[in-house]
Amino acid sequence: MKKILVTGSLGQIGSELVMKMRGIYGSENVIATDIKKPEDHVVVQSGPFEILDVTDAQKMHELASKYKADTIIHLAALLSATAEAKPLLAWNINMGGLVNALEVAKDLKCKFFTPSSIGAFGPSTPKDKTPQDTIQRPTTMYGVNKVSGELLCDYYYYKFGVDTRGVRFPGLISYVTPPGGGTTDYAVDIYYEALRSGKYTSYIAKGTYMDMMYMPDALNAIIDLMEADPSKLKHRNAFNVTAMSFEPEEIAAEIKKHIPSFKIDYDVDPVRQGIAESWPNSIDATAAIEEWGFKVEYDLEKMTIDMLAKLKEKGV
Ligand code: AKB
């Protein structure tokens, strides 16, 4: 990868991925884009940055041509809870942005990455150790977008030879940029509230298991998959990846080891609970391990130690 154009680069994944890739590939070679340009943001200050609304196909094409992009990392998207509240907007941004980015990749012969999600599964999918290849009939707009996106990316690979690759991310947990509008966000909020007030009211019910991953492992997964030897890839869009699966009581118990007075209670949000219940309890990442050496460093225990330490350093 030499000239990498990133959409949605101020979001939860983008803000950290851009900085990591600038460290690896050189600041000038990672072109960050987003719909707004906050001048004081480290991503804006540390290398090339352009304003881009991903529904503007022409501007995306112009920017990719201007910087001679050979790789596109397309991250701009609405998450599951927001997509459920605004389904038409979600379709337009998630699918419109994706097809625009794939068209640019096709025209300029770029490698292509976009994340799918555990949201690409639905209530009829096997819930435990969900296989790589299985039933995908999601009941959320986000899930419909993710399955359609996986199919579209595979189509651009088979039909036009675009080197498309993707992973199905679980909930991502990070101390840098908070997520917005997701179902798994509780697993980030709980750390902030543990430090701020010593208690957390969860909108996800006790006993609801979902897959999760710490951001450093997620960033490595993207880079490792993009660097992987294409001849080894039997799958493309998209690989199951996961680091842990837990329910709210388990993350609370882990936090209590460090903040013994920490308390969790519940005020369940029926929309996000419904979305969570339609997703797997835990997914199987064997294909990613076998085809490109996917690995993780952080489990719940190690992640909790790091999250609390890093948030304290930030003054939370
Ligand atoms: C969400 O909750 O919407 C995301 C996801 C699992 O894709 N974090």
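First listed ligand is number 1; within each ligand, the first listed atom is number 1.
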Checklist entry - ring-ring contact (aromatic ring centres under 6.0 Å, His included) with Phe262: which residues, sequence neighbours excluded? => result none
Checklist entry - Could you walk me through whether Asn281 and Lys129 pass the side-chain hydrogen bond (donor to acceptor under 3.5 Å, both in side chains) check? => result CA-CA 8 Å; Asn281 297 331; Lys129 293 253 169 270; over 6 Å; no
Checklist entry - Using 4.0 Å as the upper bound for N to carboxylate O, is an ion pair formed by Asp229 and Lys232? => result yes
Checklist entry - Just wondering, do Met210 and Ser282 contact through their side chains at under 4.5 Å, heavy atoms? => result no
Next on the checklist: Whether Glu50 and Lys66 form a salt bridge (side-chain N of Lys/Arg under 4.0 Å from carboxylate O of Asp/Glu) is what I want to check.
Outcome noted: yes
Tabulating one pair per line, provide the atom names and distances (0.1 Å) for every N/O atom of ligand 1 that is less than 3.5 Å from a protein N/O atom.
unit_1, atom_1, unit_2, atom_2, d
ligand 1, 2 (O), Ser80, OG, 3.4
ligand 1, 2 (O), Thr183, N, 2.7
ligand 1, 2 (O), Thr184, N, 3.1
ligand 1, 2 (O), Thr184, OG1, 3.3
ligand 1, 3 (O), Ser80, N, 3.0
ligand 1, 3 (O), Ser80, OG, 2.5
ligand 1, 7 (O), Ser117, OG, 2.7
ligand 1, 7 (O), Tyr142, OH, 2.6
ligand 1, 8 (N), Thr184, OG1, 2.9

Item to check | cation_pi(Lys3, Tyr67) dist<6.0 Å, angle<=45 | outcome: no
